[in-house]
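Numbers here are sequence positions counted from 1. Hydrogens, waters and symmetry mates are skipped; everything else that's a heavy atom, side chains included, is used.
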Amino acid sequence: MELSITARQSLTAPSRPEAEHDASAQASAPGGPWPGSRPKGRVALRQVGKTYLSSAGPVQALQDIELEIAPGSIFGIIGRSGAGKSSLLRTINRLETPSTGRIEVDGVDIATLDDAQLVQLRRRIGMIFQHFNLLSAKTVFDNIALPLRVAGVPRQQVEGRVRELLALVGLEDKADTYPRRLSGGQKQRVGIARALASGPEILLCDEATSALDPETTHAILQLLRDINRKLGITVILITHEMSVIREIADQVLVLEQGRIAELGPVWQVFGNPAHPATQALLAPLQQGLPPELLDQLQTMPPSGLHERILQLQYRGGDGLEPDLLRVAQALGGKTRLLQASVERIQGHTHGQLYIALADVTGSPDWQALTQGPTAIAHHIKELGYVTRT
C-alpha cells in the first residue's frame with residue numbers, strides 16, 4: 001500500500017503551512033522542536049552499562065555496550081533470555097537510565113534533557129509491544145488517536161491522521177471495532193499505527209512478533225519493512241527468533257550476558273558466526289544430514305563400495321556461490337547431492353551442501369578447493385563414510 005508524500009508530511013508535522021515559523025505551534029504538536037536540530041533517527045550507545053540492585057546483590061544487565069545505529073536502517077537485537085535485550089531497548093527512550101555511559105539520539109545526550117524535552121523525545125520514538133497493550137474499552141480509532149489527543153492535537157487533524165494510519169496498516173474497515181473482535185495480527189497493526197501517530201523518527205519493537213503465528217509474523221514484518229522504506233523511520237527490534245532478523249534486519253547485535261557477542265551486517269553474522277552464543281541461536285535454522293544417513297555414518301571407510309560424505313559451506317561476501325557442475329568436476333568422482341540448505345541474505349549466498357562422493361581414494365587437498373579462483377566452497381569438511389548401495 002503506497003503512502004503519498006502529503007500523507008507522510010501530515011504524519012510528522014502540523015498541517016498549517018505557517019507552523020514552520022510558529023514556535024508555539026511546533027512546541028505543542030508531535031514533530032516539535034529538538035535540541036540542536038530535527039532528529040533523523042541516528043542512535044549511538046557509548047560504553048553503556050546497566051546495573052540493577054537485587055536482594056542477592058547487584059546484577060549487571062548491560063556492560064560496555066558501544067554501537068551506532070544508522071538513520072533509516074532496520075537494526076536487530078537478539079540474544080537468549082536474560083541477555084539484556086529489553087534493558088538495552090528501554091534505555092533508548094529513557095524508560096531505563098544507564099548506570100554508566102550515555103545514549104545519544106542524533107548527537108544529543110538524552111540524559112541532559114529536561115522534562116519537556118523528554119516528552120518530545122518520546123514523541124519521536126514510537127514503541128510496539130509484544131502483547132499489543134491496547135485499551136479494551138476503546139475502539140481501534142480511539143486507541144490510535146490516544147497519543148495525539150494527549151499531545152493536544154486539534155480534533156480535525158487527529159481525524160485525518162488516524163484515517164491515514166488506518167490505511168497504512170490496512171485496517172480502514174476496523175476503525176469502530178473493539179480490540180476483542182480483532183485477531184492477533186490485527187491488534188499488532190493497531191499497535192503499529194498507534195506508535196506511528198506522533199510521526200516518530202525511531203520505532204522500537206519489543207518482541208513484536210513473538211505472540212503471532214508464522215504467517216502473521218511474516219505479514220507484520222513485511223509491514224514494518226514497508227514502513228521503514230516509505231517513511232524512512234529507523235526500526236530497532238529485539239527478538240529471540242533468528243528467522244525474524246534474517247527476514248527484515250540490515251544489522252544485527254547479538255547479546256550474551258549483557259555484553260556484545262557479535263555485531264555486523266546480517267549476512268556476515270549469519271554466514272560466519274564466530275561466537276558460541278550466535279552459533280547456538282542459529283542452530284535451529286540450519287539443516288543437517290537426514291537422520292537415515294546419520295544412522296549409517298561411519299568414521300572409517302567400510303569394506304566394499306562406499307561413499308564419502310562432505311559438507312560444503314558458503315559464507316557470502318566474495319561472490320562465491322554453489323555451482324554443482326564445478327563441484328562435480330573439482331571433486332573428481334561420482335557425486336550425489338544429498339541435501340542443500342542455501343539462501344541469500346542482503347545479496348549474499350550462505351548455507352551448505354551435503355555431497356556423497358564415490359570413486360575417490362586417498363585424502364584430497366580440500367583446502368586447495370577453498371582458495372583462489374578454483375574455489376568451490378568457503379570450507380569443506382569430511383563428515384564420514386556410508387556404504388554404497
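Judged by distance alone, the side chain of Arg94 and the main-chain N or O of Ile110 form a donor-acceptor pair under 3.5 Å. Here the side chain of Gln188 pairs a donor or acceptor atom with the backbone of Phe129 at under 3.5 angstrom. Arg388 places no side-chain N or O within donor-acceptor distance of the main-chain N or O of Gly304, the cut-off being under 3.5 Å. Remark: the backbone N or O of Glu104 is not paired with any side-chain donor or acceptor of Asp109 at under 3.5 angstrom. Between the side chain of Gln251 and the backbone N or O of Ile69, no donor-acceptor pair lies under 3.5 Å. Checked by atom type and distance alone, the side chain of Tyr314 never pairs as donor or acceptor with a backbone atom of Glu343 at under 3.5 Å. Between the Ser99 side chain and the Thr51 main chain, a donor and an acceptor come within less than 3.5 Å of each other. A donor-acceptor pair under 3.5 Å is formed between the side chain of Thr100 and the backbone N or O of Gly49. Side-chain atoms of Asn143 come within 3.5 Å of backbone N or O of Lys138 as a donor-acceptor pair. In this structure, the side chain of Arg225 does not engage the main chain of Ile74 through any donor-acceptor pair within 3.5 Å.
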Practice prompt. Check step by step if side-chain contact (heavy atoms from CB on, under 4.5 Å) holds for Leu281 and Arg80.
Written response: CA-CA 8 Å; Leu281 289 166; Arg80 292 178 275 206; 4.0 Å; yes
Item to complete: Go through the steps for Val190 and Gln186 under the test side-chain contact (heavy atoms from CB on, under 4.5 Å), then give the verdict.
Response: CA-CA 6 Å; Val190 177; Gln186 290 170 334; 5.7 Å; no
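In this structure, Ala195 and Leu203 approach most closely via the heavy-atom pair CB-CD1, 3.6 Å. What you find for Val158 and Val153 is that their closest heavy atoms are CG2-O, 3.5 Å. In terms of heavy atoms, Arg259 sits closest to Asp64 at NH1-OD2, 3.2 Å. Nearest heavy atoms, Ala137 versus Tyr178: O-CE2, 3.4 Å. Here the shortest heavy-atom pairing between Pro179 and Lys187 reads O-CE, 3.0 Å. The two residues Gly72 and Thr234 make their nearest non-hydrogen contact at N-OG1, 2.8 Å.
The hydrophobic cluster containing Tyr354 does not contain Ile380, counting ILVMFWY residues as joined when their side-chain heavy atoms lie under 4.5 angstrom apart, directly or transitively. Leu196 and Leu182 fall within the same hydrophobic cluster, defined by Ile, Leu, Val, Met, Phe, Trp and Tyr side-chain heavy atoms under 4.5 Å apart, directly or through other members. Hydrophobic clustering, with ILVMFWY side chains joined whenever heavy atoms are under 4.5 angstrom apart, groups Leu237 together with Ile227.
Sorted by first then second residue, the side chain to side chain donor-acceptor pair (under 3.5 Å) pairs that include residues 325-342, not counting sequence neighbours, are Glu307-Arg336. For residues 293-302, no residue pair satisfies the side chain to side chain donor-acceptor pair (under 3.5 Å) rule, not counting sequence neighbours.
With respect to the salt-bridge test (charged N to carboxylate O, under 4.0 angstrom), the residues Arg163 and Glu159 qualify. One finds no salt bridge joining Arg246 and Glu241 here, because no Lys/Arg side-chain nitrogen approaches an Asp/Glu carboxylate oxygen to under 4.0 Å. Salt-bridge check for Arg149 with Asp142: passed, with a basic side-chain N closer than 4.0 Å to an acidic carboxylate O.
Evaluation of the side-chain hydrogen bond (donor to acceptor under 3.5 Å, both in side chains) rule for Gln130 yields Ser210 as partners, not counting sequence neighbours.
A donor atom on one side chain and an acceptor atom on the other are found under 3.5 Å apart for Glu66 and Gln47. Side chain to side chain, Asn272 and Gln268 fail the donor-acceptor criterion of an N or O pair below 3.5 Å.
Heavy atoms from other residues, nucleotides or ligands lying under 6.0 Å from CD of Gln367 number 12 at most.
With contacts defined as side-chain heavy-atom distances shorter than 4.5 Å, the pair Val235/Cys205 qualifies. Leu331 places a side-chain heavy atom less than 4.5 Å from the side chain of Trp366. Side chains of Arg122 and Leu95 form a contact here, defined as non-hydrogen atoms less than 4.5 Å apart. Using a 4.5 Å cut-off on side-chain heavy atoms (C-beta onward), Leu148 and Arg161 make contact. Residues Thr370 and His378 are not in side-chain contact: their nearest non-hydrogen atoms beyond the backbone lie 4.5 Å or more apart. Residues Pro71 and Glu201 form no side-chain contact, since every pair of their non-hydrogen atoms from C-beta on lies 4.5 Å or further apart. Contact check for Leu62 versus Pro98: no side-chain heavy atoms found under the 4.5 Å cut-off. The closest side-chain heavy-atom distance from Ser136 to Arg180 is not below 4.5 Å.
For the atom pair Leu297 CG and Glu292 CD, the distance stands at 12.0 Å (nearest 0.5 Å).
Using cut-offs of 30° and 60° on the angle between ring planes, the pair Phe270 and His350 is perpendicular.
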